[in-house]
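Have a look at the structure below before the remarks.
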2 protein chains.
Amino acid sequence: MSHDNHKELVTSVKANMPDADTLFELADFFKVFGDSTRIRIMCALFERELSVCCIADIVGMEQSTVSHQLRVLRQENLVKVRREGKQSYYSLEDEHIKLIFEMGLEHILE
Amino acid sequence: MSHDNHKELVTSVKANMPDADTLFELADFFKVFGDSTRIRIMCALFERELSVCCIADIVGMEQSTVSHQLRVLRQENLVKVRREGKQSYYSLEDEHIKLIFEMGLEHILE
DNA sequence: TTAAAATATGAACGGTTGTTCATATGTTCA
DNA sequence: TGAACATATGAACAACCGTTCATATTTTAA
């Protein structure tokens, strides 16, 4: 179950890691990027702010689905809303998103 | 269901988006970051290469669980293995990982 | 105020995913 | 070869998650 300097390694590596709570939050943050519908919504919002029904048409899903996913994005502070008449206009909240996207794309394109 | 320049917007935004396949792959890639066990495994590997049982002790989970998750990380080309005797030593495959981590951390720390 | 349009929300379902247990495979050493 | 250790893998279960349908809320305009 353990070899040579196993125990020292374990404690030293653990000591240098961010605390578990932070890493849990980090996982929750990346979880948002782990769904293709949300990815496509964010991608559409790179161009400009959009109303819910526009987004629904762009990603080809129900208005209800898009609303639910926009709530998830809002809860993680990735998008913000602006009401204008009957429409809600969503836009990206954070500049990190684009960079994270680009890095992901670089990876999957070898 | 649609307002003023709805239709033009939809087609123009769609035209400038990466194709659906790419974005699907991208979501699959980020999905790997969306689990705290995998996050903690990757985080441990930032320090150095580690054997499976070391990783299991560091993250405080069963050896079996860690093995399963390492397979997921391997399938997405995020880690590589090296056999040495009875142990399998895992290490990070890609430099993007650290950058993606840092950007995620920057976001959750406001 | 009523109708219509846009969005938000709750419940339910089906599918996915992470963990565990048990066990198989691989490796070393006596 | 056999025992002991390290790792990998399959099956099964529970929990989570994304979508849809139905409906509620909000806003405008007649």
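Here is the naming used below: chain letters follow the sequence lines, and residue numbers restart at 1 for every chain. Reckoned from all heavy atoms, side chains included, excluding hydrogens, waters and symmetry mates.
Look at A:His68 and the base of D:dT19; the rings do not stack under the cut-offs of 5.5 Å between centres and 30° between planes.
Nearest-nucleotide positions on DNA chain C place A:Arg83 closer to the 5' end than the other of A:Arg83 and B:Gln69.
Proximity note for A:Thr37 (side chain, C-beta onward) versus C:dA8, D:dT19, D:dA8: the nearest is D:dT19. Distances were taken from every side-chain heavy atom of A:Thr65 (C-beta onward) to each of D:dG18, C:dT17, D:dT20; the shortest belongs to D:dT20. In the set C:dA8, D:dG10, D:dT7, D:dT7 carries the atom at the smallest distance from any side-chain atom of B:Cys53.
A donor and an acceptor atom sit less than 3.5 Å apart, one in the side chain of B:Ser64 and one in the base of D:dT9.
Distance A:Glu84 CD to D:dT26 P: 19 Å, rounded to the nearest Å. In this structure, CZ of A:Arg71 is placed 12 Å from P of C:dA11, rounded to the nearest angstrom. One can place CD of B:Glu49 at 16 Å from C1' of D:dT7, the figure rounded to the nearest angstrom. Taking atom CD of A:Glu62 as the reference point, atom P of D:dC21 lies 5 Å away to the nearest angstrom.
More than 12 non-hydrogen atoms from other residues, nucleotides or ligands lie less than 6.0 angstrom from CZ of B:Phe46. In the displayed structure, A:Lys31 atom NZ is contacted under 6.0 Å by more than 12 heavy atoms of other residues, nucleotides or ligands.
Within 4.0 Å of A:Ser67, counting heavy atoms only, lies at least one base atom of the nucleic acid. Using a 4.0 Å heavy-atom cutoff across all strands shown, B:Gln63 reaches at least one base atom of the nucleic acid.
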Under the criterion side chain to side chain donor-acceptor pair (under 3.5 Å), I'd like the reasoning laid out for A:Asn77 against A:Glu93: C-alpha separation, chi angles, the key distance, then a yes or no. CA-CA 7 Å; A:Asn77 296 113; A:Glu93 174 102 68; 4.7 Å; no

